[in-house]
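Order of the sequence lines fixes the chain letters, A, B, ..., with proteins taken first and strands second; residue numbering starts at 1 for each chain. Computed from a predicted structure; not experimentally measured.
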Protein chains: 2
Amino acid sequence: MTRKSKQEITCPMDALLRLLMGPWTTYILWTLRQRGPLRFGVLKREVGGISSRMLTERLRTLEEAQVIFREYYPSIPPEVTYGLTRRGLELREVLDALDTLARRWNAEDTDGEVIARELSPAI
Amino acid sequence: MTRKSKQEITCPMDALLRLLMGPWTTYILWTLRQRGPLRFGVLKREVGGISSRMLTERLRTLEEAQVIFREYYPSIPPEVTYGLTRRGLELREVLDALDTLARRWNAEDTDGEVIARELSPAI
DNA sequence: CGGGATCCCAGTTGATACTG
DNA sequence: CAGTATCAACTGGGATCCCG
């Protein structure tokens with residue numbers, strides 16, 4: 001988007017960011033990390049607020065990038081499970097670094113403020 | 001976006017990621033990193049293809065996040081310079097890690113592609 | 001249950017023109 | 001030079017409906 005029309009993406013870092021960090025992605029990865037492999041429906045409920053289409057699209061992309069795996073059991077009703085792969089875990093390491101950085105900046109910013117804002121409980 | 005309507009973003013990492021994923025952002029950061037501080041016009045030319053409005057909007061956002069600084073010299077014609085701040089450099093380190101990961105995966109793929117789908121040990 | 005196909009709107013981005 | 005203003009075009013993503 002925005003870019004492809006102009007010139008090919010030449011920055012690998014940008015490519016990876018775009019591929020993996022699309023909307024909801026961090027929430028999906030976070031959920032799978034915390035809960036372990038989950039079925040589609042459960043994952044959808046856990047992430048909260050995401051549409052089926054979006055979730056499907058994200059899962060496909062992540063699977064293609066080999067960040068998550070997909071296991072399909074042709075039972076009735078069908079059962080599909082998603083979970084992090086080795087790469088998914090490696091990715092988490094980098095994201096954790098990002099997270100640490102974000103938190104530190106946050107702390108720096110709120111330092112000295114009269115009203116101490118409660119640290120976000122999320123992730 | 002996509003999310004704010006549902007519930008406030010409480011995850012700092014996600015907020016930061018959102019910032020980075022903004023259009024052109026990585027290219028801007030990349031350029032400033034490679035070339036050092038640059039004037040608006042030069043930066044625009046270097047990034048290539050970006051509109052003034054977009055560049056301005058991104059720079060403002062990045063400045064607000066304290067990732068880049070803006071220096072204005074009220075000369076005639078005016079001279080404005082942008083460059084990475086300490087945070088911008090810290091960010092660079094993490095992005096480099098991401099970049100490294102991407103490259104490694106790439107190498108793995110081109111090598112023998114024995115992609116054994118291991119189950120995640122669910123951290 | 002998992003997810004493909006459609007419809008459709010709102011927010012974004014790009015192009016263009018203008019200014020201190 | 002470094003933006004700002006305006007407007008039109010595009011499309012990402014939600015909402016729905018449906019099927020194997």
How many whole angstroms separate atom [atom1] of [X] from atom [atom2] of [N]?
X	N	atom1	atom2	value
B/Tyr72	D/dA2	OH	C1'	9 Å
B/Met54	C/dG11	CE	C1'	13 Å
B/Ile50	D/dG3	CD1	P	12 Å
B/Glu79	D/dG3	CD	P	12 Å
A/Tyr27	D/dG13	OH	P	14 Å
A/Glu71	C/dG3	CD	P	13 Å
A/Lys44	C/dG2	NZ	P	10 Å
B/Leu55	C/dA15	CG	C1'	16 Å

Results of salt bridge (charged side-chain N to carboxylate O under 4.0 Å, His left out) for A/Arg104 - residues two or more places apart only: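 Applying salt bridge (charged side-chain N to carboxylate O under 4.0 Å, His left out) to A/Arg104 gives B/Glu90.
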
Contacts of type salt bridge (charged side-chain N to carboxylate O under 4.0 Å, His left out), residue A/Arg87, not counting sequence neighbours: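 Salt bridge (charged side-chain N to carboxylate O under 4.0 Å, His left out) check on A/Arg87 returns B/Glu108, B/Asp109.
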
Which atom of B/Tyr82 lies closest to which atom of B/Leu32, heavy atoms considered: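 What the structure gives for the nearest pair is O-CD2, 3.5 Å.
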
Counting only side-chain N and O atoms of [X], is one of them less than 4.0 Å from OP1 or OP2 of [N]?
X	N	value
A/Trp24	D/dG12	no
A/Arg45	C/dG2	no
A/Tyr82	C/dC1	no

Results of side-chain contact (heavy atoms from CB on, under 4.5 Å) for A/Ala65 - residues two or more places apart only: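 Counting only residues at least two positions away or on another chain, A/Ala65 forms a side-chain contact (heavy atoms from CB on, under 4.5 Å) with A/Leu19, A/Leu20, A/Val67.
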
Test side-chain contact (heavy atoms from CB on, under 4.5 Å) applied to B/Thr26 - qualifying residues, sequence neighbours left out: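 B/Thr26 satisfies side-chain contact (heavy atoms from CB on, under 4.5 Å) with A/Met13, A/Asp14, A/Leu17 once adjacent residues are dropped.
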
Angle between terminal axes - the helix from C/dC1-D/dG20 to C/dG20-D/dC1, 5 pairs each end, rounded to 10°: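 If I round to tens, the end axes sit 50° apart.
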
Using the test side-chain hydrogen bond (donor to acceptor under 3.5 Å, both in side chains), find all partners of [X] that sit at least two apart in sequence or belong to another chain.
X	result
A/Thr81	none
B/Arg35	B/Glu46
B/Thr31	none
A/Ser52	A/Lys44

Close approaches to DNA chain D from residues 57-68 of chain B, in residue order (heavy atom, under 4.0 Å):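 Those residues are B/Arg60.
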
Salt bridge (Lys or Arg N to Asp or Glu O under 4.0 Å) contacts touching residues 52-76 of chain B (sequence neighbours left out):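 Applying salt bridge (Lys or Arg N to Asp or Glu O under 4.0 Å) to every pair that reaches into residues 52-76 of chain B, excluding sequence neighbours, yields nothing.
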
If you restrict it to nitrogen or oxygen atoms, what contacts under 3.5 Å exist between nucleotides 15-20 of chain D and the protein, and what is each distance?
from   : atom 1 : to      : atom 2 : distance (Å)
D/dA15 : N6     : A/Arg53 : NE     : 3.4

Any A/Leu29 side-chain heavy atom under 4.5 Å of A/Ile68 side chain: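 In short, these two side chains touch, coming nearer than 4.5 Å.
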
Exam field: side chain A/Thr85 to backbone A/Gln66, donor-acceptor pair closer than 3.5 Å: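 Yes; judged by distance alone, with no hydrogens or angles, the pair exists.
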
5' precedence on DNA chain C between A/Arg39 and A/Thr56 (nearest-nucleotide basis):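 This one resolves to A/Arg39.
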
